[in-house]
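This report concerns only the one structure given below.
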Amino acid sequence: MSARLSLRVMKFFGGQGFTTDVVADVLPLSDEAKTTYRGIAIPAGEGNDLPREVEVVAGRYLVQAYLPSGELIRQKISVAEGESAAVELRGSYSSHEWLGLHHLLDASWSREAFRGGLESALWPAPRATLLAVNADSKHQTGAFPIRIDAESRDVLLRAIPDVELALDLPPRDSDGESFLFKLDDIGRWFVAGGPTLRYFVVIERSGRLDLVVVPLPWRSVDDRSASAVEVATQGDPSNPVTVAVRDPAFGALLGYLSNGPLSSARQLVNGDSRTRSLALSALYHKVENPYAAAAGAYVLTQGYAFEESQEWHYWIDNLANRFPQLPDGPIVRAALHLQRKYPDLESVGASFLEGFARGLPVYTAVFRLLFDGLTMFCGDSRTRTPALEDALSALTAVAGRLDVRQSFTTIRLGGG
Amino acid sequence: MLANHQGLRQLSSPPFSARSLAEWMIRNLHNPERPLGSVRLLVSEARPTPFRHPTNGTTHDLLAATLENVEGAFDGWMKEGDKNPDSLMLFYFCGHGLSTGLHHALLLEDFGQNAIRPLRGAIDFNRTRVGMNQCAARHQCYFVDACRTTATMTQYSQDYAGEVLAQPNAAASKERPVLYSTLEGEEAYGRPNQPSHFAEALLAGFNGAGGDRTQGDWRISTSSLARAVEAHLRRKASRGASLQIAPSVDLTTFDLHRLAGKPMVPVIVTCSPTDANAAANLRCRSGTTVVDERSPANDAWELPLKVGDYDFDAEFAGHAPYRNASKPDESVYPPEQRINIEVWP
């Protein structure tokens, strides 16, 4: 190889110097440039980040990036022997820079989708509440606050016996239509409550209540610093609630976990050894950030053909065993073991059950693994047990309220 | 007994959609590792019409898509898949759907005929797909071209979204991606008496918009097809990207089809500003050869082009308030190519 491409995506995230990796492909357009480079992680940010350098054969290429929102952006480039060329991809714009990360994850935050005007101003502002629920072994059932018929926040709170904290959140940014709630000062609650707390945000809007799992505290996978978790929504209750994490390594990857572009998340792991290392590193350093470890574990287990005796299989066991407040660990472990040629069905069923008992999974994709797993085990006379059937019955009601578009588990409560 | 259809109207698009895809599969599907073995086609249409085999001309009476008929066809399909773990299983449904969260009912012809058990005429898609784990075929791909309208029926029945065609069991996981036509709760708008947008997107994807050359030759994989479908539906959505987009589930990547040559790619040509389209003669050239051209019209110009490099021109009559402009040497590549010709007064 004798030429070099410098790749990045220009994206505004509110002037805070934030960058996060997205998936890109380098596609050959000329005869001499025959190799396709897929699944390259390149930075998206405001221009103060280092681009991703890729060595290629000299020639003409089409560089394209698939953003977690589904948006495709591309640019043609020619690079000569011994030279380097820079590609700066630009996509559509968010309605505000402070919604830039949410727009990267969800097209509904685009400038085009922003209506403004009298119609949007008619909706009352949403009310956001941060809940911390005790999820230690004595309170495990309390970690699953399924009062799916709750029409209001107060009804929901009365139904959860183990609420350690219920805190009204003022919006950090708003234009009267869109509202951004920022959780960037969680350290004190984490220390006060200990590691067995689980956190949720309840969004109450006109006739609709959404219960959202939020991954607090989130420590950056790169440098272990605290990363803000953002919740964005609008007064109009037909619009979604989106959760984003300001983690350079995982911010966009978490967006790829939602049901649509999971292939891109897999590409990040499969196509780019740097990102595979990242997923493995997150899993290995699970003590620093078990949520990132769970995301890495999910992508590793669902993105690869199963191979026996991988070292990281034991890390998933550790993730399941060491973090009793995290349902995703035992669920991913169960799904992993189910990929074996001759799985120990009894232990797989027990692992699914353990995950269920810990409450709502953090990730929608893991919720789906649990639901499908319980459905399989309850449909089979060899594996069906009363406990599994009770779990499936309870989960089925909640599964009907799941917002399948979101990366983080979001449950619509109330009558509709 | 009164029928209970929940106010859902008969759609005319599904028979056109299903027939189009069946014809395309029989005529064109090329997968050297997994050649086409069989096609089962069931349609519910106002005037039942025999299916004409697109290559040998024979005609076949089609069964209506009632639960009983669908169960029979599904059983036969699954048995075929059990014969060889390397089989590729493709499932396509077009019609009404009801959905809440992870529960998804696909409605058949006899949906709602029994007011007490309206979902007796529906397929519980999620459980059926999970149940397909017990089929030996390792590669399965599902295309669900249905509204995912939230309905009180599934919300209140909770654990019943219709009949389960393959009982789930604790079998080893299979690769079984699903491409959906819409997000939950957003209606897949079919088009009267023509294939749905999703069917059209699939056909365009198989014909080239889903082309991928990573392995040297042009192939259509599950992932590249999903990207093409998503791009197509975003383009067709008249009210912006959120109206109808194409999410997918468990999108593992495997090959579906190989192209004989370079793929055809949808190209969207427009002037910027767009109101100049109404006065612009748009032209596509390959060198000095005119490939295609269009007279002034309000909308953007959509044309299929083979992968390659082209020049695009916008020419205006003398009285038009814009000067001629060009966009030379543009590369056309899947899943779609947008050409914006900037024009100035």
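Here is the naming used below: chain letters follow the sequence lines, and residue numbers restart at 1 for every chain.
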Contact class of [X] relative to chain A, heavy atoms under 4.5 angstrom:
X	value
B:Gln134	neither
B:Gln215	neither
B:Pro177	neither
B:Asp212	both
B:Ala231	neither

(request) May I ask you to decide whether A:Arg38 forms a salt bridge with A:Asp25, counting only side-chain N to carboxylate O separations under 4.0 Å? (result)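 Yes, charged N to carboxylate O under 4.0 Å.
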Partner chain B: residue of [options] with the largest heavy-atom pair count (under 4.5 Å):
options	value
A:Leu27, A:Leu392, A:Asp106, A:Leu72	A:Leu27
A:Asp372, A:Thr383, A:Leu345	A:Asp372
A:Leu338, A:Val348, A:Asp380	A:Asp380

(message) Distance to the ring centre below 6.0 angstrom and angle to the axis at most 45 degrees; does that hold for A:Arg74 and B:Tyr333?
(response)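 The answer is no, since A:Arg74 fails at least one limit relative to B:Tyr333.
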(request) Please state whether the rings of B:Tyr142 and B:Phe91 are parallel, tilted or perpendicular, taking 30° and 60° as the class boundaries. (result)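 B:Tyr142 and B:Phe91: tilted rings.
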(request) Mind telling me whether B:Phe143 and B:Phe198 have parallel, tilted or perpendicular rings, with 30° and 60° as the class edges? (result)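 Because their plane-to-plane angle lies in the 30° to 60° range, the rings of B:Phe198 and B:Phe143 count as tilted.
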[X] and [Y]: side-chain donor and acceptor closer than 3.5 Å?
X	Y	value
B:Asn169	A:Arg382	no
B:Ser331	B:Asp309	yes
B:Gln140	B:Arg176	no

(request) Sort A:Glu71 into side chain, backbone, both or neither according to what part of it lies under 4.5 angstrom from a heavy atom of chain B. (result)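 Contact with chain B: backbone only.
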(message) Given heavy-atom pairs under 4.5 angstrom as the criterion, report whether the side chain, backbone, both or neither of A:Arg384 touches chain B.
(response)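 Answer is neither: A:Arg384 stays 4.5 Å or more from chain B.
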(request) Count the heavy-atom pairs under 4.5 Å between each of B:Asp329, B:Val164, B:Leu179 and chain A, then report the option with the highest count. (result)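 Among the listed options, the one with the most contacts to chain A is B:Asp329.
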(request) Using a cut-off of 6.0 Å, state whether more than 12 heavy atoms not belonging to B:Glu302 lie near its atom CD. (result)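 Counting other residues, nucleotides and ligands, CD of B:Glu302 exceeds 12 neighbours.
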